[in-house]
Number of protein chains: 2
Amino acid sequence: MPASPRITITQVAAEAGVSTATAGRVLGNYGYTSDDVAAKVQAAARKLGYKPNSLARSLVTGKSHTIGVVAADIDNAFYARVLRGIGDVARARGFGVILTNSDEDLEREKDAVQLLLEKRVDGLIVAPCDVRGSAHLRSLIAGGCPTVQIDRASYDLAADSVTVDNRGSAREAVTHLLKAGHRRIAIIAELEELHNGSLEEFVRQAAHFSTNGETLYPSWQRLQGYVDAHRDFGVPVDPGLIGRVGSYSSDAACQAATVLLQSPDRPTALFAADGTMSIGMMQAIADLDLQIPEQLSIICFDDLDWMKFTRPAITTIHQPVHRIGSMAAELLLARIAGDTSVPKHNVLEARLQVRDSVAPPRS
Amino acid sequence: MPASPRITITQVAAEAGVSTATAGRVLGNYGYTSDDVAAKVQAAARKLGYKPNSLARSLVTGKSHTIGVVAADIDNAFYARVLRGIGDVARARGFGVILTNSDEDLEREKDAVQLLLEKRVDGLIVAPCDVRGSAHLRSLIAGGCPTVQIDRASYDLAADSVTVDNRGSAREAVTHLLKAGHRRIAIIAELEELHNGSLEEFVRQAAHFSTNGETLYPSWQRLQGYVDAHRDFGVPVDPGLIGRVGSYSSDAACQAATVLLQSPDRPTALFAADGTMSIGMMQAIADLDLQIPEQLSIICFDDLDWMKFTRPAITTIHQPVHRIGSMAAELLLARIAGDTSVPKHNVLEARLQVRDSVAPPRS
DNA sequence: CAAGCTTATGAGAACGTTCGCACTTTGTCG
DNA sequence: CGACAAAGTGCGAACGTTCTCATAAGCTTG
């Protein structure tokens, strides 16, 4: 077993009695090579236990065959599955994946991008924590690094994106609740960042925003869908029913849900805007010992694996999460391969998965 | 905004009017440097938008400041959280993390290790899919690549490992059920690989195996704990209650659980050996509409986030999952830093988290 | 049969860093 | 004041590949 001494292409060449150039050609299979020489070199390589050095190769070719991923938090079912999608595509194409977490913190995101850039990744998949297209991403893209945004997207960022139709599917979900007869529907969402006005202002204007031109966080888009559905039904939106969770944690969501559910005129239905919010919401419901759907109807955005076997099973919005990752990777690899067409913004469909957590409200 | 033309240390040096060596010293901060020259170089670097090239650096130093991770499946709450632990430590120390999935397939694991090796990672964290210490891992370690095993471990592999006390905590869980009065307790576990005899043989001999010397899959160790507890109580093990799931999927687990629960003399309690098995088991229970804990008591190995708010909340074995990852990373970084002490095998404690899914069996 | 391909090989220069060495200059100590 | 260490700098050689070029042999082909 050839141990510590690293075997280089030069040594293989010496062993095979050819030049390093020739050895390089057969080992890296490029250029012309005769069969007998190839065989000799391969035999020498096997005998010596040669392992190519990607770093040297990348240094000269300028391609590292590696993509960088900046996720918010890998310990979150959504990102875990997205990453799986990315990894599957990457592996099939011989690419490595370097993973970093930003925790929705802009400084960390910058550091992460910096690290990945220094490691000379061929491209980046990022869930940007500032949706307005922060400067570092802008200069990154201007610098020619292929980039794909996932989950959220600045449309003015000149980079591809893969998202879901947050507004439309949230609208569908809330419509489902309204059709069931609910009129006091609360939403639980992380809605920290808002730059152009107050929440009330946002709700008032929500209907006028077009979906495409806007670059909003998914939570805000889902809130838009919530407002849309209310407008469709002529039901006024009560700002008191908007559970604005201050930080992205299920504990905070639990608190917000608890407050809502303990208010005197409590909502008859709850809509959780994502998986983390759902977990907090479920905890609050369990703590208060409310019966679903008799005492409370619920719908969760994002269809986590446990939602189909809780009793009752939970009605959800099912996002094609794996597909988000695989599509992002495919887009990115196409860019890396030289695709220079205009940025594509892919909006995937999410579907309402009706189960048993919605019933008419008790009068 | 300096766009495509990549700025090198040489250009920065020229701009600052010093040699590349000096520029390198200040930019890479090694060697001696005077304050005024350092300032000049830094100014030049900032002006030109210099970004160091890790590949070139790694090529000469031989250190890539990157660790490779071979997980079974990142789209699994356990590995996702482990990876988070790894990532947190790595980031704090300025290391990158390259992630690969093996899907418990030896060929994929080989490919993954090969890829990581070519990318010249400084060390490897791997959940080996063959617990007997497959040849490629052996030669990897012999080749001097620092390696840490997680979740499972070959003790004869001369590499550190981080695992949990599977046998002891499974024993504790099953003891909890036995104390509650259960005598027909089923276990649902992926128990595909078994090399030294049949399942019956294994059960017969389980009590004689020592925990430390053995290198078994977690599932098998948990089965050992199951057998241990039965022996403690003088309750014979009925092989018919061992739900041997053929493949590592929740669907397969659901099938196995369904068969068990529909048998004429059905078990009064179920023990799921890991998170994936738990999901399948819960689905089966929901499909058959069994009441927990009135009609069936359950305990799940691995405390997934939803298990505390299902009704009833589920009694579980809580593993320190994040800690497994962070400890593995710490161990690995210590090895990379030069620690050459004998391999450490860390066995972390898992604790029984008592909730409401266990009650005495109905007579 | 000379001109022009295609195939095959080697020499040597990249790629962008770090590092060993030689060379100053400055400071310190006996 | 001479010696000797320490601080600061530059030159040029690594690191392990790929890639351009030059060379040459074996073809076809008009």
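Not measured: the values here are computed from a predicted model. Proteins come first, then strands; the chains are lettered A, B, ... in the order of their sequence lines, and each starts at number 1. Hydrogens, waters and symmetry mates are skipped; everything else that's a heavy atom, side chains included, is used.
Contact annotation: Tyr30(B) does not reach the phosphate of dC19(C) (side-chain N/O to OP1 or OP2, under 4.0 Å).
In this structure, CG of Leu27(B) is placed 8 Å from P of dT17(C), rounded to the nearest angstrom. For Gln11(B) and dT17(C), the CD to P distance is 9 Å, given to the nearest whole Å. Put simply, CZ on Arg6(A) is 13 Å from C1' on dC15(D), counting in whole angstrom units. Per the geometry, CD belonging to Glu118(A) stands 11 Å off P belonging to dT18(C), to the nearest Å. Rounded to whole angstrom, the span from the CG atom of Leu55(B) across to the P atom of dT18(D) amounts to 14 Å. If you measure from atom NZ of Lys119(A) to atom C1' of dT17(C), you get 14 Å, rounded to the nearest angstrom. As rounded to whole Å, 9 Å separates atom C1' of dT18(D) from atom CD1 of Ile9(A). The NZ-C1' distance, from Lys63(A) to dC19(D), rounds to 16 Å in whole Å.
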**Fill in**
Nucleotide by nucleotide, nucleotides 4-9 of chain C touches protein heavy atoms under 4.0 Å in the pattern (B base, S sugar-phosphate only, - none) ---BBB
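Mapping Ala21(B) and Thr8(A) onto DNA chain D by nearest heavy atom places Ala21(B) closer to the 5' end of the strand. Heavy-atom nearest nucleotides on DNA chain D were determined for Gly24(A) and for Gly17(B), and the one closer to the 5' end corresponds to Gly17(B).
Contact check for Val162(B) versus Gln149(B): no side-chain heavy atoms found under the 4.5 Å cut-off. Contact annotation: the side chain of Leu99(A) approaches that of Leu83(B) to within less than 4.5 Å [non-hydrogen atoms, C-beta and beyond]. When side chains are defined from C-beta on, Pro218(B) counts as touching Asp151(B), because their heavy atoms get closer than 4.5 Å. Side chains of Asp130(B) and Tyr217(B) form a contact here, defined as non-hydrogen atoms less than 4.5 Å apart.
For Asp35(B), the CG atom is loosely surrounded, since the number of other residues' heavy atoms within 6.0 Å does not exceed 12.
For the residue pair Gln11(A) and Glu15(A), no side-chain donor N or O sits within less than 3.5 Å of a side-chain acceptor on the partner.
Of the listed nucleotides (dT17(C), dG16(C), dT17(D)), dT17(C) has the atom at the smallest distance from the side chain of Tyr50(B). Comparing dC19(D), dG10(D), dC15(D) by their closest approach to the side chain of Leu59(B) singles out dC15(D).
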**Message:** With side-chain hydrogen bond (donor to acceptor under 3.5 Å, both in side chains) as the criterion, how do His322(A) and Asp88(A) come out once you've worked through the C-alpha distance, each side chain's angles and the decisive distance to 0.1 Å?
**Reply:** CA-CA 10 Å; His322(A) 186 278; Asp88(A) 287 348; 2.9 Å; yes
